[in-house]
Amino acid sequence: MNSQMIKKVLVVHGPNLNLLGERDPAFYGNVTFAKLNEMILDRADALGMQCEIFQSNHEGAIIDRLQAARNTFDGVILNAGAYTHYSYAIRDAIADMQLPCVEVHISNVQARDDFRAKSVIAPVCIGTIAGFGINSYFLALQALAML
């Protein structure tokens with residue numbers, strides 16, 4: 001076995017992302033949620049990373065999962081959906097887990113509604129990747145692999 005430590009990455013999808021493939025394809029594309037997750041797991045495997053995927057439409061469940069991640073994972077990829085713009089509780093959970101966290105968005109949030117331009121979680125993330133469709137997740141995996 002390779003002596004290099006395999007990174008363990010948690011991917012967290014927030015509210016409404018479970019409807020990918022059905023939800024507003026002009027912004028989110030046609031790839032289904034199941035297919036996206038399959039592609040994320042394949043890409044993580046190709047990078048020599050272990051990956052777990054979690055989705056919830058509930059703020060508290062997302063916070064619980066982030067808190068549990070701090071002793072199990074090496075990094076987190078988070079698409080917090082609309083919580084990005086107002087959830088200080090998720091922001092604090094990211095800060096408290098003390099793991100590198102990459103904020104991702106499928107659409108270019110800066111080119112959409114004004115309220116989407118502000119992220120309260122960005123200041124506690126190591127970076128933000130947005131506007132590259134589902135490739136935003138793959139770019140985040142690559143970024144974590146290079147740490």
Side-chain angles (χ1 to χ4, degrees), residues 1-2 4-87 89-91 93-94 96-97 99-113 115-122 124-147:
M1 178 165 190
N2 187 337
Q4 181 182 10
M5 186 175 142
I6 296 175
K7 286 191 176 230
K8 290 183 72 175
V9 177
L10 174 64
V11 175
V12 177
H13 302 288
N16 300 311
L17 289 158
N18 55 309
L19 296 179
L20 288 176
E22 304 171 36
R23 181 180 179 222
D24 204 346
F27 286 113
Y28 304 109
N30 295 313
V31 174
T32 66
F33 183 65
K35 182 63 176 174
L36 171 60
N37 289 333
E38 178 185 321
M39 294 168 74
I40 289 169
L41 292 172
D42 288 346
R43 185 65 57 98
D45 187 54
L47 291 168
M49 303 167 90
Q50 294 178 355
C51 183
E52 182 179 310
I53 297 173
F54 175 81
Q55 189 277 329
S56 181
N57 293 317
H58 305 282
E59 185 179 29
I62 293 168
I63 292 165
D64 289 344
R65 191 64 194 101
L66 291 172
Q67 288 177 351
R70 57 183 189 199
N71 297 317
T72 310
F73 291 90
D74 301 309
V76 174
I77 295 169
L78 171 63
N79 184 339
Y83 290 134
T84 299
H85 315 295
Y86 64 88
S87 179
I90 289 176
R91 180 224 177 272
I94 294 166
D96 291 344
M97 71 180 176
L99 294 173
C101 182
V102 180
E103 174 187 5
V104 300
H105 299 283
I106 294 170
S107 68
N108 180 356
V109 292
Q110 299 297 319
R112 296 184 61 193
D113 311 289
F115 76 88
R116 295 181 197 275
K118 170 98 170 119
S119 169
V120 300
I121 67 172
V124 293
C125 292
I126 61 168
T128 299
I129 301 171
F132 294 98
I134 62 169
N135 290 310
S136 294
Y137 288 95
F138 310 141
L139 292 167
L141 281 168
Q142 184 69 38
L144 287 176
M146 295 185 331
L147 291 181

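No hydrogens, no waters, no symmetry mates; every other heavy atom, side chains included, goes into these values. As the structure is a computational prediction, the values presented were derived from the model and not from experiment.
- A donor-acceptor pair is defined here as one N or O able to donate and one able to accept, closer than 3.5 Å; such a pair exists between the side chain of S136 and the backbone of H105.
- In this structure the side chain of D96 never reaches within 4.5 angstrom of the side chain of Q67, judged on heavy atoms.
- A donor-acceptor pair under 3.5 Å is absent between the side-chain atoms of Y137 and the main chain of I106, judged by distance alone.
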List the steps, then state whether side chain to side chain contact (heavy atoms under 4.5 Å, CB included) holds for L36 with L17.
CA-CA 10 Å; L36 171 60; L17 289 158; over 6 Å; no

Given I126 and L144, is the side chain to side chain contact (heavy atoms under 4.5 Å, CB included) satisfied, shown in steps?
CA-CA 10 Å; I126 61 168; L144 287 176; 4.1 Å; yes

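- Taking CG from D42 and CZ from F138, the interatomic distance works out to 9.0 Å, rounded to the nearest 0.5 Å.
- Legend: ring-ring contact (aromatic ring centres under 6.0 Å, His included) pairs involving residues 40-67, not counting sequence neighbours: none detected.
- Proximity of a side-chain donor or acceptor of E103 to a complementary backbone N or O of N79 within less than 3.5 Å is not detected.
- Residues L141 and A44 come closest through the heavy atom pair CD1-N, 3.9 Å.
- Here CD of Q50 is found 9.5 Å from CG of D45. Values are rounded to the nearest 0.5 Å.
- Between N57 and P15 the shortest heavy-atom distance is OD1-CA, 3.1 Å.
- Using bins of under 30°, 30° to 60° and over 60° for the plane-to-plane angle, the ring pair H13/F33 lands in the perpendicular bin.
- The shortest heavy-atom contact between I40 and C51 is CG2-SG, 3.9 Å.
- In plain terms, the two heavy atoms of I121 and A80 that are nearest each other are CD1-CB, 4.1 Å.
- Atom-to-atom distance recorded for Q55:CD and R65:CZ is 13.5 Å, nearest 0.5 angstrom.
- The closest side-chain heavy-atom distance from L78 to I90 is below 4.5 Å.
- Across all their heavy atoms, I134 and V31 have their closest contact at CD1-CG2, 3.9 Å.
- Here D74 contributes atom CG and M49 contributes atom CE; the two are 8.0 Å apart, rounded to the nearest 0.5 Å.
- For the pair T72 (side chain) and A69 (backbone), a donor-acceptor distance under 3.5 Å is absent.
- Taking OG from S119 and CZ from R91, the interatomic distance works out to 10.0 Å, rounded to the nearest 0.5 Å.
- Of all the heavy atoms in L10 and F73, the pair that sits closest is N-CD2, 3.5 Å.
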Going through the checks in order, is the side chain to side chain contact (heavy atoms under 4.5 Å, CB included) test met by M39 and K35?
CA-CA 6 Å; M39 294 168 74; K35 182 63 176 174; 3.9 Å; yes

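- A side chain to side chain contact (heavy atoms under 4.5 Å, CB included) with E22 is found for one member of L20, N18, L19 and no other, namely L19.
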